[in-house]
K.L.:
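Pasting a structure here, questions to come.
All residue numbers in this chain count up from 1 along the given sequence.
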Amino acid sequence: MRRCAQEAAFDFHIAGRILGHKTLTTTQVYLAVFQDELVRTYRGFLDRRRADRPQEEYREPTEQEWRDCQQHFKLCKVSLGT
């Protein structure tokens, strides 16, 4: 498995948590990360991760799994007060 500076650039969400930022927007301001760069970096991270993982782990979720996932994040938003 390859680890490099490009992957470290993706870890700004971890840096934000360590610094106590409530949102990634705050971390983005400090790092001067723009939305398109964020998406490109994230997609690059996913491509590298998927290359290292077995293909069978990447299937489309069922409708029920997708609804459960959406419900989970709705509950997280309520829990966090956002």
Side-chain angles (χ1 to χ4, degrees):
M1 188 176 338
R2 192 179 102 182
R3 297 281 177 212
C4 63
Q6 287 175 329
E7 285 183 352
F10 175 73
D11 291 337
F12 68 88
H13 68 284
I14 294 172
R17 290 293 299 262
I18 291 170
L19 295 170
H21 297 161
K22 290 187 178 190
T23 69
L24 285 179
T25 305
T26 304
T27 308
Q28 286 176 311
V29 170
Y30 281 102
L31 298 175
V33 175
F34 296 99
Q35 196 64 29
D36 60 334
E37 184 177 343
L38 172 67
V39 171
R40 257 194 323 277
T41 302
Y42 181 67
R43 286 181 178 162
F45 169 80
L46 288 179
D47 290 343
R48 289 187 301 278
R49 178 172 164 76
R50 286 181 176 157
D52 291 338
R53 306 290 301 175
Q55 188 64 29
E56 59 272 6
E57 289 186 11
Y58 297 100
R59 62 171 177 77
E60 290 295 319
T62 65
E63 286 296 322
Q64 184 60 47
E65 288 171 330
W66 184 242
R67 282 192 299 274
D68 291 347
C69 180
Q70 289 175 318
Q71 182 62 26
H72 168 78
F73 283 104
K74 284 179 186 176
L75 292 174
C76 286
K77 287 180 180 182
V78 170
S79 173
L80 295 173
T82 57

K.L.:
Tell me if a side-chain donor or acceptor on Glu57 pairs with a main-chain N or O of Pro54 at a distance below 3.5 Å.
P.N.:
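Side chain of Glu57 to backbone of Pro54, a donor-acceptor pair under 3.5 Å: no, none is there.
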
K.L.:
If you measure from CH2 on Trp66 to CD on Gln71, what distance do you get to the nearest 0.5 Å?
P.N.:
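If we round to the nearest 0.5 Å, Trp66:CH2 and Gln71:CD are 13.5 Å apart.
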
K.L.:
Closer than 3.5 angstrom, by distance alone: can the side chain of Arg43 be matched with the main-chain N or O of Val39 as a donor-acceptor pair?
P.N.:
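Checking the backbone N and O of Val39 against the side chain of Arg43, no donor-acceptor pair under 3.5 Å is found.
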
K.L.:
Could you walk me through whether Gln64 and Arg67 pass side chain to side chain donor-acceptor pair (under 3.5 Å), step by step?
P.N.:
CA-CA 5 Å; Gln64 184 60 47; Arg67 282 192 299 274; 2.9 Å; yes

K.L.:
Which one of Arg49, Gln55, Glu56 satisfies the side chain to side chain contact (heavy atoms under 4.5 Å, CB included) criterion with Arg53?
P.N.:
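It is Arg49; the other options fail the test.
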
K.L.:
Taking atom CD of Gln70 as the centre, report whether more than 12 heavy atoms of other residues, nucleotides or ligands fall under 6.0 Å from it.
P.N.:
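Count over threshold, so yes.
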
